[in-house]
Structure formats: structure tokens, C-alpha cells
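In what follows, chains carry the letters A, B, and so on, assigned in the order in which the sequence lines appear, proteins first and then strands, with residues in each chain numbered from 1. For the numbers below, each heavy atom of this structure counts, side chains included, while hydrogens, waters and symmetry mates do not.
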Amino acid sequence: MGNNLDALTTIFTEFYYWITVPLMFLIHVGFCMYEVSVSRAKNKMHTLMKNAMLIPVVTVTMFFFGFWIYFALPAWPVGDMATGTGALPWDVTMGSNFQDHIMGVFWAAFLLFSWTAASIVSGAVIERIRTGAFLIFAVLVGSITWMIDAAWGWSPSGWLVTEWGYHDAYASGVIHGICGGAALGILAVLGPRIGKFAPDGTPRDIPPHNPWFAVIGLFVIYTGFWGFYAACNAPIVDLSGDGTLFSATSIYLTPTTLSTITFNFLMSLAGGLMAGYMLSKGDAYWTFSGGLAGIIAASAGNDLYHPLQAFFIGIVGVWVAYRLHYWVERKFKIDDAVGAVAVHGYAGSFGVIAAGFMLWGYPAVADGSVSITPWGQIGGAIMMFLVLGFIPTYIVALILKGMGILRIPREVELAGLDYFDEQTRKSDNQDIVNAELANANN
Amino acid sequence: MGNNLDALTTIFTEFYYWITVPLMFLIHVGFCMYEVSVSRAKNKMHTLMKNAMLIPVVTVTMFFFGFWIYFALPAWPVGDMATGTGALPWDVTMGSNFQDHIMGVFWAAFLLFSWTAASIVSGAVIERIRTGAFLIFAVLVGSITWMIDAAWGWSPSGWLVTEWGYHDAYASGVIHGICGGAALGILAVLGPRIGKFAPDGTPRDIPPHNPWFAVIGLFVIYTGFWGFYAACNAPIVDLSGDGTLFSATSIYLTPTTLSTITFNFLMSLAGGLMAGYMLSKGDAYWTFSGGLAGIIAASAGNDLYHPLQAFFIGIVGVWVAYRLHYWVERKFKIDDAVGAVAVHGYAGSFGVIAAGFMLWGYPAVADGSVSITPWGQIGGAIMMFLVLGFIPTYIVALILKGMGILRIPREVELAGLDYFDEQTRKSDNQDIVNAELANANN
Amino acid sequence: MSTGIESWGAENLSKIDALYPFVGSEKIMTIIGVVIWIGWQIWQMKFENNSYEDQTSQLSGETLTKVISEDD
Amino acid sequence: MSTGIESWGAENLSKIDALYPFVGSEKIMTIIGVVIWIGWQIWQMKFENNSYEDQTSQLSGETLTKVISEDD
């Protein structure tokens, strides 16, 4: 870093990304809270640990190869291995480095997206998947498939962007679409929880063991989502090239501002909450899920929308997600325990496509060589949800099922994953009470 | 402040420290959540209040004398009183001051460390210490002994640094080591909870009343820990002295970057989680404690380590802490209710010593006049854990025990600290139900 | 008349350090603050000790056994 | 002797890139790290599968009915 001003700009940028990381930790805290609350009491500790242990495995695999994928694979079909060498785990920038003030915070921002990706999948499959099987999906989605989609569609040099004009500023498709698709791919093979469907095929509600806490978990996710949004921007970029015009940009280096995304985050949240409340007749869980789905639906274009456009798209996105969720549940007997496929997959894919109509003709990259179109966005949504989302997890789920290590044994599911631990806890408690009685009578 | 650029640098620095403070509030929220969850239901409100009331007493004593200690005592043996005058409570900078943009946020960052220090001690001694006695330890550790250790070993002019080359960038020893030692000093006098040890000396498990919430509390602590890490750095320092080279530095004014500590925080967390899960066979509480212990073990050198070094040290640190915890429990009949001595004291002391081998020969201060060595670090670890940690609280605990105000009465411990309040709550509830019944039958 | 600052004028701003009113009272405020802190801690200990004495007297042998047995 | 850096002197600073000790060991550290990761995931699956086998054997028909009925 040269002079004082350059230094300040660099360190501001580093600090900007840094601050998104602890905020995004709250997304994961919220996911754990709501996933555990939605599970039945007999499964809660295992539900918690299944989600929590994605943290170390996704972290180390993002260090070993996930981040490299992002830099190596933008070109179709398999990228240019040479461009990724800077993110190989033995490169000198992938460690404490005095000449580099960005790699660590940038890696961490991507990593927290990876945790979110794996966590979205986690919620859908609770109460019957093996932790070991889930952790394979966590690595697959968190460190491989979403990193491929980011290389292709969430980088100014990705081929989906440079060829199709794909635009997805706050990850409607590249995180939410793909993870909804990935969850559905597992669910199709894993099957519903015992008792979810009546013999005639009618779905039953399996109530959360702590309904209000699930909603507080979603509220904590909203809080952390601010970090997710900020991390999708580059905070200060010289757009003029000669130091006369600086701005925040999207990940595509196209102009936006923090003010813009603040307006749009809040207005799409409002639209989603109102739609969710109305559709579900005031159900707390669907209302808060609606708030999240509203943001997700508007995310693809929230770098550019008017706040009222974000509001309208939030409303329509929630309507689409809600209707599709119940239609798919009845039609295909899919037991999505937290509605993750709907909130993330359907609302996100809708959001990608909506941006194609709303931003039709906008330049997709700074040099204007390609424009945003509905067909580019429809193609992109299919790539995310189906090609990189559904298909890989569906295939891996079939393999794990064939090996007999996908689903927990029937007896364990019926008794509850925590049954034996809970028996131990009760007996430990009784031992202590007996010891206290002995002391009291001395 | 002179020109625009100077002003921006100063206000950026001010803002940087400011933002670490609300993040560190989350550490305290998390500590309360996990400490209360670990206690038995019959003690939960008193457990909460014991921890919460350290906030005001540590805050005012940090204002009265704690912060002054940091500036006055760096030299051996009793410092130079003159150097601390700027932090005396009647100094003009210790208040709203238009010429000073740093004292308040710097004081607050130290203060939040002090809360953490006292909170670490708090968890170990739950369910049998008197709140009044605990608050004396809170002042002792939070505003006195840790401030002495910070003056000695966490400042470029502290004698442990300038004489022994002590290096402890993110407080493995100066916060965690000392607080683990301090907790052990109290526990040795306070004794175990009734029923913790069978008549033959076998330890019993006293199960948490809300196991999953304890873990969510630890997750919130992780989040807040980001503020702790950032607050240990100086955000932008002119290392060249002539305005040509700026960087973040550690508290010793030696070079590091935010990117570095972001990499290392996450990788040591991952190592700790994997080790904790494996050692405890998937126990949630030990897994999450392992994540924290992993970070703590790597903290002394996380300004400089490679991410994979942080990962490995996190793993080994957790192994050391876990084994020592159970060995000390059996051998010395120590009832550390939350494993605080292990997670903070053993992992932290291990981390200080590990840094001595890993960073052997690195300059400990910017001018290179003294180097990091294993013996400097071993000596420092002993100073923290034993001399400033264990001994002061052990002596004070003996005095308080002699006065009969250390431990709650046996009857209250057996009945539960909340017993009478809970009876009142039940009877109030019944009154309301009766009133409602009367209304219904009108 | 002002308890502290009388002007935010540019010529004055660069000379202002303390912004608080009643400059000069810092030491007496410190003394009052210390008295409040120590007083509070003494009161807290007395209050706590008294409530334990009170509770202990109500927890005789049989009551105590009953309370523990009902513990969940 | 130093495991990495020997001076923070200004003339040296602008040339420093890697701050970590033992420069040159990155590839061997990566290999060890990958082995730990894969080893951990294999251990986790074995451990989990064994505990399910153990649990299943203890949950015969009648026990299972009782456990489900007592579920809250």
C-alpha cells in the first residue's frame, strides 16, 4: 500500500468485508435455533449437531478446494486451471500475508455463504437423515456445486454472465435457488418422516416442539442477512478508472449503493411478511418464512429495483412459494420439514426470472457487452435449481441409499434420535437428587 | 484533527473500536444463555443475576481504577504512576472531550474484555457461590488482576514483553489463562456442589436443565468473539514512520492484517469443533466448547500463523483441555460446572506455550529488541495462570470462606436458589387462575 | 451564563476540550461515585445474607426433603 | 534463528509477504489437513453407524411401543 489514502481505502475495504462475517454468523445461529425448534423434542440434540458440524467440514473443504473452484472455473465448460492458482491452499496469499489485505476476509465472506447454503439443505431433511450422509451433502453443496455456480454466474467473468447476461446480485439463484433444488433432490430419495402422510396420502402437520422459538430463529436470520447483503457488494470501486468516480458495485462490478439495497431489503421484507400472514391466515412460522422469501425473491435485482418494486416482487414471490410448496407436498409426497425448498428454491428461482423481465436490456457487466434478458434469466434459474441443484444431490442420495447409509434406522426414528441420551440425562438427574436427599437427611 | 484525510483516519479508528463493543455485548448475552442453561432449573434466575450484576460493578471499577492500572503499571515491579495519569477518572480525557476521539472507545473495548474475564470465572462456580462473594471476584479479576497482566504482557511497553519477549496477540493467556487460573483458585476453596462426587469419590454428571440452549449460548459467544479479535488490533498504524507504509497491527504494534486473523479464527474454530466432537463422541456441549477452546489455543499467535497451523493447534489444544479437565476433576475433586478452567485456562495456557515454539525468534516488538522464545512463553503462561490467576483468587476465597460469606447455606443449595421466588410465582399464578374462574362463573 | 460551553463558533471549537458541564468537579464526582459503588456492594451482601438466613430458617429437615423430592 | 521473520524493520517490511512460520511447508500441511478431514468424516460415519446398530438392537417391538407412547 502506498500513501495514506490508498492505505485507508484498502483497510476500509478489508474492514467492510470483515464486518459482514460476524453478522453472517447470526444467520447460522438463527438456522440452528429454528431448525431445532421445528424438530420434535425427541430429536433436538441430534438436529442441532447435524447442522453445527457442517461448520468445520465446509470450512476446511472451502480452504482445500472450494475457494479455488471459484477462481478456476468461470470459463465454459471446465474453466482455466491457471486462473485459480492464487486460491490454492498452498499459495502464499492463502495465509497470513503482509502484502495482501483482502484474501482472508473475501474467503471468509464466501465461506459464510457456504455455511448458509449447507444450512438451507439441513433444515429440509431433519429427523431422518444420518449426520454422516448430511455432511457429505454439506461438502457437495457448500464447497463444490455452489462454488461452481458462483464461478459461472456470480462473477463478472463467469460464462453465464458473459454469454447469457445472467444477473443475480444478492444470490436469489446462486444460493437460494441451488439450495432449494439440492434439498429437493435429497428429499425425493430420502422420503418423508414416518407418519407425515396418512395412508390415503393426505399430508399431516408435524408441529414444532417450540413454535415461538422457531420464529425467533428466523428473526435472527433476518438480522444476519444484512451481512449477507453487504458481502455481495464491492464497497468502493473506481468506476472511472482515473480516480474521479468511486462507488459501491455489485459482484458484477456494476453500480449500486448501500442505500439502494437498504431500501429494497426492508421493502421486500415488508411485502413478504404481509403476503405470508395473509396466505397462512396469521400463522407465525409461514409469516416469518414469508418475510425471508420476500427478500429472497427480490434479491436478484435488489441492486437496481425501486423499493416499491421490491415490495411487489416480495409479495408475488411469497405467493408463488407458498402455493408451490403445498402443491408439491400433495402431488409428490415431499416432506420438506421447514419449507426450505419453497422459501429458498421456489422464491429464489422466481426472483431470478422476475429480474429478467424487470431489468430487461440492462447491461449485465460494466463494459455493456451483454444485456440482461428474460431467457438468460430463465436459463440461469434452470441451471441453478435443476442442473447444479437437484441433479447432483439426487445422484449422491441414490448412491448413499444404495449403500444403506442415507437414512436412520426405523426404530431410531420412532424412538427419537435423542432417546438414549435423554435416558442417561434422566438417570443422572435422579442420582443427583438421591445424593441431595442423603445429604439433607444427614 | 487537521485535514480531511487525518479526520477520516481518526474517525475510522474510532468507529472500528466502537463496532467491536456491541459485538462483544453478544459475548455476554451468550455467556448468560449458556451459564443459565447449564444450571439446574431450581437455580436459574439466581445464576442469571449473578452473572449479569458483574456488568455494573466491573464497569464502574474499570472507570475508577482499572483502566489507570493498564497505563500505570507496565514497568516492573510497580510501574510508573506518572504514565497512568491520563486514565485517572478525573482526567479531562476520561469524559466527553472534543480533542480526543479514542479514549472512550478504547476504554470500552478494554471494559468488554473485563466483562468477559469476570464471566469466565462466573460459569465455573455456579449453583453454590454467593452473589456478593462473586462480585468481589469480578472486581478482582475484571478490574485488577487482568489489568495488571495486560499492563505487563499485553502492551508494547509491558515488562513481560520487553524483558521476556512475551507474545499473546488475542489473549490466550492475558484473558483466558488468567481467568482459568482464577476460577480454579476459587473452586479449590469453594468445593464441589452437593452430590457432584459419590462417597467413593467418583464424579457424577449434573445435567444442564436446557442442553440445546447452552449450545446456542456458545454459538452467540462465537459471534461476539469476532469483536474481541478485532479489538485486539490497532486498525491502521503508520509502520514506516514517514507515511509510506500503513497496516493493522497487534496490540504490540507488530504487523498483522484483518484477513490473517479472519482465516485463523475460522480454521482454529474448525479444528476445535472436529476435535471436541471426536473426543466427546458427539456430545453437543463439549463439541461447542471445543470450538471455543480451539480458537483460544491458537489465539496467542493468530496474528501470524498460517490457517492450517491454526487448525492443527486448535485440535491439539482441545485434546489437552479435555484430558486435563477430567484428570483434574478425578484427581483433585474439582467441580468446574461449565469446564471454564479447561476451555479457558488449559487451552489458553497451552496456546501461549505453543506460540513460543511456533514463533521462536520472531521479534516481539516492532524495533526487534527482544524475540519470542519458548521459555519466555512458558514463564508468561505461569505468570498468567498461576501468579496473577490462581493465587489472588485463592487467597481472597480463603478470606471470604473464613468470614462465612463465600458459599450459600447448605439448605438453600439443596432447595435451590430460586425456591422461594418460584413458590411466589406459583401462588401468584394460582391467584390469577382463581380470579379468572370467579369471573367465568359470574 | 452557561454550566460549560457558551459558543460553538469556529474560533472557539479548536480550543474546546472538555464538553461536559461543571468542569472542575471531576474529583468530587469520583468520590461520590466510589461511595455509591462501595455502598452498593455492602448493601448487596447484607441483603443477600439476610435473605439466606431467612430462607434457611424455613427449610427444616422434613420440608427440605420434600422440596428436593419434588425437584424436576 | 527464527521460524520465520527476524526483523520488523522498515527496510524489511515492504519485502515481507508471508507472515507465517515454516514457509515452504504449505503442501505438506495441506496433505496432513486433508488426511485429518477425510479421516474425521470416515470415523464419524463409522461411529454413527455403530451407535445406530447398538440402539436398534435395544429397541425391540414392545420397548419401542412403550417409548413412543411416552413421547411428549
Side-chain angles (χ1 to χ4, degrees), chain A residues 1-2 40-43 46 49-50 53 56-65 88-100 104 129-136 138-139 143 194-195 209 400 403-405 407-423 426, chain D residues 3-72:
Chain A
M1 291 190 290
R40 283 162 290 178
K42 66 180 178 183
N43 296 319
H46 265 72
M49 291 310 288
K50 171 179 67 64
M53 292 316 288
V57 299
V58 172
T59 300
V60 298
T61 52
M62 272 293 285
F63 190 83
F64 293 142
F65 52 75
L88 284 169
W90 50 80
D91 191 88
V92 77
T93 60
M94 287 293 282
S96 52
N97 188 310
F98 195 55
Q99 302 305 320
D100 178 277
I129 201 168
R130 289 186 190 222
T131 300
F134 170 72
L135 292 178
I136 290 172
V139 172
S143 294
I194 296 168
H209 91 269
L400 293 173
M403 294 168 71
I405 52 170
R407 188 163 174 141
I408 60 174
R410 187 181 64 98
E411 293 86 348
V412 175
E413 184 178 345
L414 289 168
L417 281 153
D418 297 345
Y419 175 69
F420 288 93
D421 290 346
E422 191 55 26
Q423 294 304 105
K426 280 182 186 159
Chain D
T3 55
I5 288 159
E6 301 196 345
S7 160
W8 296 126
E11 74 296 345
N12 204 27
L13 269 185
S14 58
K15 286 176 239 147
I16 292 175
D17 57 354
L19 292 168
Y20 49 88
F22 306 109
V23 169
S25 65
E26 297 86 355
K27 287 195 184 174
I28 185 77
M29 287 198 297
T30 302
I31 292 167
I32 296 168
V34 169
V35 168
I36 290 174
W37 157 54
I38 293 179
W40 187 91
Q41 287 211 271
I42 292 170
W43 167 84
Q44 190 279 334
M45 293 194 89
K46 282 193 181 161
F47 154 71
E48 188 183 11
N49 294 347
N50 290 342
S51 64
Y52 290 145
E53 266 178 43
D54 185 41
Q55 291 179 22
T56 310
S57 68
Q58 294 179 54
L59 290 165
S60 62
E62 262 180 55
T63 317
L64 196 54
T65 310
K66 190 165 158 289
V67 167
I68 297 169
S69 314
E70 284 169 357
D71 199 28
D72 43 12

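- In this structure, no portion of Thr93(A) lies under 4.5 Å from any heavy atom of chain D.
- When heavy atoms are compared at a cutoff of 4.5 Å, Phe63(A) does not approach chain D at all.
- Looking at Gln99(A), its side chain does come within 3.5 Å of a backbone N or O of Ser14(D) through a donor-acceptor pair.
- Contact count against chain D (heavy-atom pairs under 4.5 Å) is highest for Val412(A) among Val60(A), Val412(A), Asp100(A).
- Looking at Leu59(D), both its backbone and its side chain come within 4.5 Å of chain A, counting heavy atoms on both sides.
- Both the backbone and the side chain of Val92(A) come within less than 4.5 Å of a heavy atom of chain D.
- The candidate with the highest count of non-hydrogen atom pairs below 4.5 Å against chain A, out of Gln41(D), Glu48(D), Glu53(D), is Glu48(D).
- Here the straight-line distance linking atom CE of Met403(A) with atom CG of Asn49(D) works out to 9.5 Å at 0.5 Å rounding.
- Contacts between Ser51(D) and chain A at a heavy-atom distance below 4.5 Å are absent for every atom of the residue.
- Leu88(A) approaches Met94(A) most closely through the heavy-atom pair O-CG, 3.3 Å.
- Annotation: side chain to side chain contact (heavy atoms under 4.5 Å, CB included) contacts of Gln58(D) (sequence neighbours excluded): Phe420(A), Asp54(D).
- In this structure, the portions of Leu13(D) lying under 4.5 Å from any heavy atom of chain A include both its backbone and its side chain.
- Contact detail for Ala133(A) and Ile405(A): the closest heavy-atom pair is CB-O, 3.3 Å.
- With a threshold of 4.5 angstrom between heavy atoms, Pro89(A) approaches chain D through its backbone and through its side chain.
- With sequence neighbours excluded, the residues forming a side chain to side chain contact (heavy atoms under 4.5 Å, CB included) with Ile36(D) are Met274(B), Phe311(B), Phe312(B), Ile315(B), Ile32(D), listed by chain and number.
- Among Leu417(A), Thr61(A), Asp91(A), the residue with the largest count of heavy-atom pairs under 4.5 Å with chain D is Thr61(A).
- Between Glu70(D) and Lys66(D) there is a salt bridge, with a side-chain nitrogen of the basic residue lying less than 4.0 Å from a carboxylate oxygen of the acidic one.
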